[in-house]
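Input: a single structure, listed below in structure tokens.
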Amino acid sequence: MPQKSLLGKNLIELQHVVSELKMPKFTAKQLAEWLYTKNIVDFAQITNISKQNIEVLSQLFEVGRQKYEVVTKSTDGTKKYLFKTENGFIEAVYMPEKERNTLCVSCQVGCKMGCDFCMTGKLGFSGNLSAGEIINQVLSIENAPSLTNIVFMGMGEPFDNTANVLKAIEILTSDWGFAWSPKRITVSTVGLMQGMKEFLEQTTCHLAVSLHNPFSDERATMIPAEKAFGIEKIVAELRNYDFAHQRRVSFEYIVFDGINDTQRHATAMVKLLKGSQCRVNLIKFHSVETLQYKSPNLQKMEWFRDYLSENHIITTIRRSRGEDIAAACGQLKAERTMNKAQ
């Protein structure tokens, strides 16, 4: 009976596996190729490793692939995938566009951050995803071959699961793995400082910080993590890193009607970010019956964008995707389709 998954292991770990089993050292790189390039779901698909060694591997391990349980399709082409993991259900969202196809992956079952406007946060926390469970989302969607970008913006806080997120990124960007450019990957955070520093020092992927309010006291009512990791300290820390070239840092700003879309907030945003090598993404809040917040007026969002842009902060309004299937920002909650999957 297989006990462990090979999916999610890096090259060093695969080398350790084959060494322990007295197999040739080069077998590790062969396994990496079959797992991450040739996309196998069963050991029987491997053709360049001896049958004897395949038999040994299959007795001790499983590949670790897990097919999605349910896929829900939006009128705009977005697809939301429900996956069952060791600790519960998670969702991944595929968003096709003209020149890029992005997958939004989850890194935790639920989330500890408890952001007041986020449905995932209302679920509580059930466990971290392993690197293999993160990579499985990338490999197992219907449109996997067409993916151009990955964003860690699904369920969970990436830097509350730093080790597994960094290992998944290693697999995605290493020559023995997917061999993707780090510039195709963006990781989002509310600002957990230690994990953010590790990420910035160990990778060259893009960073997105969930800002949502420039005033610390107001941000704390929306994002409890503000009390431990204040936005002013986060912005100050990011000034120590180089974002003037290919690597980018963006600040995500969900706009709530009458809450954070005033002149006072716009002025404070300019003061907070002035001189930073960054951009701001404005995101429309998607109303949910159980939450007090309301969707903003588009004209107000455009005014906010123009004000920041005129004050030398590159600002865009992000197009909403998958709202009709609860796949838009802040809407992921997994339980919505869980009954269908069981």
Side-chain angles (χ1 to χ4, degrees), residues 6-8 32-42 45-46 63-85 89-107 129 131-156 158 165 167-188 203-208 246-248 250 252 281 283 316 318-329 331-332 334 337 341:
L6 289 186
L7 192 71
E33 182 179 15
W34 285 104
L35 288 168
Y36 304 125
T37 304
K38 297 186 177 179
N39 198 9
I40 62 166
V41 297
D42 190 284
Q45 295 173 269
I46 297 177
V63 170
R65 288 289 301 280
Q66 183 75 33
K67 182 176 170 58
Y68 60 84
E69 301 276 321
V70 175
V71 57
T72 310
K73 300 181 181 180
S74 167
T75 55
D76 65 17
T78 299
K79 296 179 182 179
K80 182 172 68 172
Y81 291 88
L82 183 77
F83 288 93
K84 187 176 183 180
T85 71
F89 288 89
I90 56 98
E91 291 174 334
V93 180
Y94 170 76
M95 298 168 286
E97 298 177 84
K98 287 184 179 180
E99 297 181 357
R100 55 191 284 164
N101 296 309
T102 302
L103 182 67
C104 177
V105 298
S106 293
C107 62
L129 297 192
E133 289 172 326
I134 295 171
I135 293 297
N136 182 67
Q137 296 169 67
V138 181
L139 290 171
S140 298
I141 68 165
E142 296 168 322
N143 303 87
S146 69
L147 286 177
T148 62
N149 295 80
I150 289 173
V151 294
F152 284 76
M153 296 182 181
M155 298 173 67
V165 167
K167 187 190 285 191
I169 290 172
E170 178 189 6
I171 292 167
L172 289 167
T173 57
S174 294
D175 290 342
W176 49 261
F178 287 66
W180 276 31
S181 165
K183 308 305 182 291
R184 297 169 63 180
I185 300 169
T186 301
V187 178
S188 176
T203 82
T204 56
C205 299
H206 300 311
L207 176 70
Q246 291 187 341
R247 187 182 215 179
R248 294 195 311 267
S250 60
E252 311 295 292
N281 290 323
I283 305 166
T316 59
R318 184 191 294 172
R319 178 188 171 200
S320 295
R321 301 298 302 270
E323 186 174 3
D324 59 322
I325 57 169
C329 182
Q331 291 186 314
L332 298 187
T337 50

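All values below come from the heavy atoms of this structure, side chains included, with hydrogens, waters and symmetry mates left out.
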Review point. Between F83 and V105, is any pair of side-chain heavy atoms under 4.5 Å apart?
Key: no
Review point. So I169 and V187, side chain to side chain contact (heavy atoms under 4.5 Å, CB included) or not? Walk me through it.
Key: CA-CA 10 Å; I169 290 172; V187 178; 3.8 Å; yes
Check your understanding: Is there side-chain contact between V63 and V41, with heavy atoms separated by less than 4.5 Å?
Key -> no
**Study point:** Distance in Å, K167 NZ paired with I134 CD1, rounded so as to fall on 0.5 Å steps
**Key:** 10.0 Å
Point to revise | Given C104, S106, P158, the one that forms side chain to side chain contact (heavy atoms under 4.5 Å, CB included) with F152 | key: P158
Practice item. Check whether any side-chain N or O of R184 sits under 3.5 Å from a backbone N or O of L147 as a donor-acceptor pair, and report yes or no. Key: yes
Exercise for review: Side-chain contact test, heavy atoms from C-beta onward, threshold under 4.5 Å: evaluate it for P182 versus T173 and give yes or no.
Suggested key: yes
Review point. Is any side-chain heavy atom of E133 closer than 4.5 Å to a side-chain heavy atom of I90?
Key: no
Practice item. For the pair W176 and E170, evaluate side chain to side chain contact (heavy atoms under 4.5 Å, CB included) and give the outcome as yes or no after the intermediate values. Key: CA-CA 10 Å; W176 49 261; E170 178 189 6; 3.7 Å; yes
Review point. Have E142 and Y94 got a donor and an acceptor in their side chains that come within less than 3.5 Å?
Key: no
Point to revise | Exam field: side chain R247 to backbone C205, donor-acceptor pair closer than 3.5 Å | key: yes
Point to revise | Test: K80 and E91 ion pair at under 4.0 Å | key: yes
Check your understanding: To the nearest 0.5 Å, what is the distance between CG (L139) and CD1 (I40)?
Key -> 10.5 Å
**Study point:** Side-chain touch R65/D42, heavy atoms, less than 4.5 angstrom
**Key:** no
Exercise for review: Classify the side-chain pair N101/T148 by whether it contains a donor and acceptor separated by less than 3.5 Å.
Suggested key: no
Point to revise | Results of side chain to side chain donor-acceptor pair (under 3.5 Å) for Q66 - residues two or more places apart only | key: none
Check your understanding: Taking atom CD of E97 and atom OG1 of T78, what is their separation to the nearest 0.5 Å?
Key -> 8.5 Å
Review point. Excluding sequence neighbours, so at least two apart, what forms side chain to side chain donor-acceptor pair (under 3.5 Å) with N149?
Key: none
**Study point:** Which residues share a side chain to side chain donor-acceptor pair (under 3.5 Å) with Y36, sequence neighbours left out
**Key:** none
Review point. Just by modelled atom types, is the D76 backbone N or O under 3.5 Å from a matching donor or acceptor in the S74 side chain?
Key: yes
Exercise for review: Using the side chain to side chain contact (heavy atoms under 4.5 Å, CB included) rule, take T203 and I185 through it: C-alpha gap first, then chi angles, then the decisive distance, then the call.
Suggested key: CA-CA 10 Å; T203 82; I185 300 169; over 6 Å; no
Review point. Quick check: are there more than 12 heavy atoms from other residues, nucleotides or ligands sitting under 6.0 Å from CG of D175?
Key: no
